[in-house]
**Student:** 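To start, I am sharing the structure in question, which I have written as structure tokens.
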Amino acid sequence: MPDLPMMLVAIVALALFFDYTNGAHDSANAIATIVSTKVLSPKVAVVMAASLNLAGAFMGEQVAKTIGSGIVNADVVAGCQGIVLAALFGAIFWNLLTWYLGLPSSSSHALIGGLMGAAVAYSGFDALNFMSIFKKVIIPLVLSPMAGFIGGYFFMVLLSWLFHKAKPRKVNNLFRKLQIVSSAFMATSHGQNDAQKTMGIITLALFLSHEIPEIHVPFWVKLSCALAMGLGTATGGWKIVKTMGHKIFKLEPIHGCAAETAAAMVITGASHFGAPISTTHVISTSVLGVGASKRLSAVRWGVAGNMVVAWIITIPASALVAGGAFYLLKLLGAV
């Protein structure tokens with residue numbers, strides 16, 4: 001890592017801490033189903049997820065570029081590193097709060113909301129890149145959970161049709177093995193989308209500080225973010241694992257395989273197009289879709305409703321906290 005000003009060092013450190021909380025908060029996305037169906041022990045599942053999160057983080061940088069240049073107008077906020085610092089405060093606060101409460105909310109939207117709130121606090125709504133936010137944030141915010149639900153529903157229907165004559169014991173044994181593959185796919189796709197968000201925020205800070213000439217992710221940023229997320233995943237987020245694996249719908253290996261495969265396909269596709277979607281949204285709705293394919297009453301819709309409330313308020317809540325943090329930094333003379 002090159003020599004950096006103290007403010008920038010603080011931003012990088014805080015961003016890596018956010019990445020760590022992101023990994024811990026979102027570990028459930030990759031391992032909840034495989035743990036709840038008892039295909040793998042929690043320890044083995046966490047090690048696998050952490051390793052594949054690390055690998056996924058190096059697969060492209062389209063999402064990082066969206067975070068770095070597609071949320072705020074860099075020319076409007078040029079030179080103000082405090083925006084990134086305040087954005088991280090807002091995102092980390094919301095991550096820790098929902099982590100403590102066991103709510104599978106979106107770390108991605110917490111970061112985006114924090115960045116938007118801090119930028120508006122600095123120079124008003126002109127600081128926001130509305131067209132990019134609409135195309136890369138708002139539309140995926142709506143469509144990705146729908147795609148997760150529909151994908152989980154129809155993938156489960158397909159599997160039920162293909163194996164309806166097979167003996168339950170043979171089906172269970174087969175999908176206990178296949179779920180390891182689907183969980184690995186899910187963990188890799190998670191790293192591919194989520195780790196890049198912190199890469200983008202650090203790259204934006206480097207650009208605003210004139211340390212790099214353009215929004216391009218340096219290798220040391222990729223490596224640092226990948227390691228931070230992998231370490232966070234290794235700690236696990238057991239409250240959220242419990243919610244994802246038990247409280248929404250009672251999962252069996254075939255259900256877990258269907259949900260993970262559908263979710264990972266949606267996340268991988270979004271990453272290819274540079275859309276920083278919520279992996280939490282997608283895997284949650286995939287589980288709901290799988291449950292709904294069996295019968296609507298099989299899903300605990302009350303728990304699902306609580307998650308939806310958390311999703312809806314994430315961006316405005318983290319934006320308000322980040323805006324307040326920016327004003328506090330301004331009062332303290334830090335920006």
Side-chain angles (χ1 to χ4, degrees), residues 1-26 53 57 63-64 67-69 71-72 74 77 79-100 105-122 127 191 194-212 215 217-218 220-235 237 276 314-315 317-335:
M1 183 185 298
D3 293 332
L4 302 175
M6 286 304 298
M7 170 68 86
L8 196 52
V9 170
I11 290 172
V12 171
L14 196 60
L16 293 177
F17 177 68
F18 168 79
D19 214 17
Y20 170 84
T21 65
N22 191 351
H25 190 281
D26 288 2
N53 264 326
V63 174
I67 295 294
S69 60
I71 307 299
V72 300
V77 299
C80 185
Q81 303 171 32
I83 288 174
V84 180
L85 190 61
L88 289 166
F89 276 127
I92 290 171
F93 172 83
W94 189 250
N95 257 12
L96 293 177
L97 178 62
T98 53
W99 189 9
Y100 175 76
S105 69
S106 170
S107 301
S108 310
H109 295 140
L111 182 60
I112 291 168
L115 190 55
M116 291 170 64
V120 170
Y122 172 66
D194 273 35
Q196 286 193 43
K197 294 156 191 169
T198 307
M199 295 180 197
I201 205 78
I202 294 176
T203 301
L204 175 61
L206 292 170
F207 178 77
L208 294 178
S209 305
H210 308 295
E211 296 289 334
I212 55 175
I215 301 294
V217 186
W220 69 265
V221 174
K222 290 183 179 181
L223 180 61
S224 301
C225 291
L227 290 173
M229 174 159 282
L231 183 61
T233 302
T235 67
T314 292
I315 289 180
S318 54
L320 286 172
V321 174
F326 182 83
Y327 283 123
L328 180 61
L329 290 172
K330 192 173 182 179
L331 286 173
L332 295 174
V335 294

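Just the heavy atoms: all of them, side chains too, but no hydrogens, waters or symmetry mates, feed the values below. Values in this document were obtained by computation on a predicted structure and should not be read as measured data.
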**Student:** Got a donor-acceptor contact below 3.5 angstrom from the S318 side chain to the I315 backbone?
**Tutor:**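 Yes; judged by distance alone, with no hydrogens or angles, the pair exists.
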**Student:** What pair of heavy atoms forms the shortest contact from I215 to S69, and how long is it?
**Tutor:**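 Heavy-atom minimum between the residues: CG1-CB, 4.0 Å.
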**Student:** Calculate, to the nearest 0.5 Å, the distance between atoms CE and NZ belonging to M229 and K197 respectively.
**Tutor:**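 Reported value, rounded in 0.5 Å steps: 7.5 Å.
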**Student:** How far does CD1 of I92 sit from CG of L111, to the nearest 0.5 angstrom?
**Tutor:** 9.5 Å
**Student:** To the nearest 0.5 angstrom, please state how far the OG1 atom of T203 sits from the NZ atom of K222.
**Tutor:**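 Going from the OG1 atom of T203 to the NZ atom of K222 covers 9.0 Å.
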**Student:** Quick one: CE on M199 to CG on D194, what's the gap to the nearest 0.5 Å?
**Tutor:** 10.5 Å
**Student:** With heavy-atom distances below 4.5 Å as the criterion, would you say the side chains of I202 and I11 are in contact?
**Tutor:** no
**Student:** Indicate the atoms forming the closest heavy-atom contact of A325 with F89, along with that distance.
**Tutor:**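 Taking A325 first and F89 second, the nearest heavy atoms are CB-CB, 4.0 Å.
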**Student:** For the residue pair F326 and A121, what are the closest heavy atoms and their distance?
**Tutor:** CD2-CB, 3.8 Å
**Student:** Provide the closest heavy-atom pair for A64 versus V217 in the form atom of the first, atom of the second, distance.
**Tutor:** CB-CG2, 3.7 Å
**Student:** For A322 and A87, work out which heavy atoms get closest and say how close.
**Tutor:** CB-CA, 4.0 Å
**Student:** Show, in sequence, the C-alpha distance, side-chain angles and deciding distance for V77 and L204, and conclude whether the side-chain contact (heavy atoms from CB on, under 4.5 Å) test is met.
**Tutor:** CA-CA 10 Å; V77 299; L204 175 61; 5.5 Å; no
**Student:** Just wondering, do V321 and W94 contact through their side chains at under 4.5 Å, heavy atoms?
**Tutor:**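 No. Closest side-chain heavy atoms not under 4.5 Å.
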**Student:** Please tell me if the side chains of I67 and I112 come closer than 4.5 Å, counting only heavy atoms from C-beta onward.
**Tutor:**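 Yes. Closest side-chain heavy atoms under 4.5 Å.
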**Student:** Taking side chain as C-beta onward, heavy atoms only, is V12 less than 4.5 Å from W220?
**Tutor:**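 Result yes, sub-4.5 Å side-chain heavy-atom pair found.
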**Student:** Rounded to the nearest 0.5 Å, how far apart are CG of L88 and CG of L115?
**Tutor:** 8.5 Å
**Student:** Rounded to the nearest 0.5 Å, what's the gap from CG on L85 to CG on L14? Could you check?
**Tutor:** 6.0 Å
**Student:** Is any side-chain heavy atom of V221 closer than 4.5 Å to one of L206?
**Tutor:** yes
**Student:** Taking all heavy atoms of D19 and all of C225, pick out the closest pair and write down the distance.
**Tutor:**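 Closest pair (atom of D19, atom of C225, distance): OD2-O, 2.6 Å.
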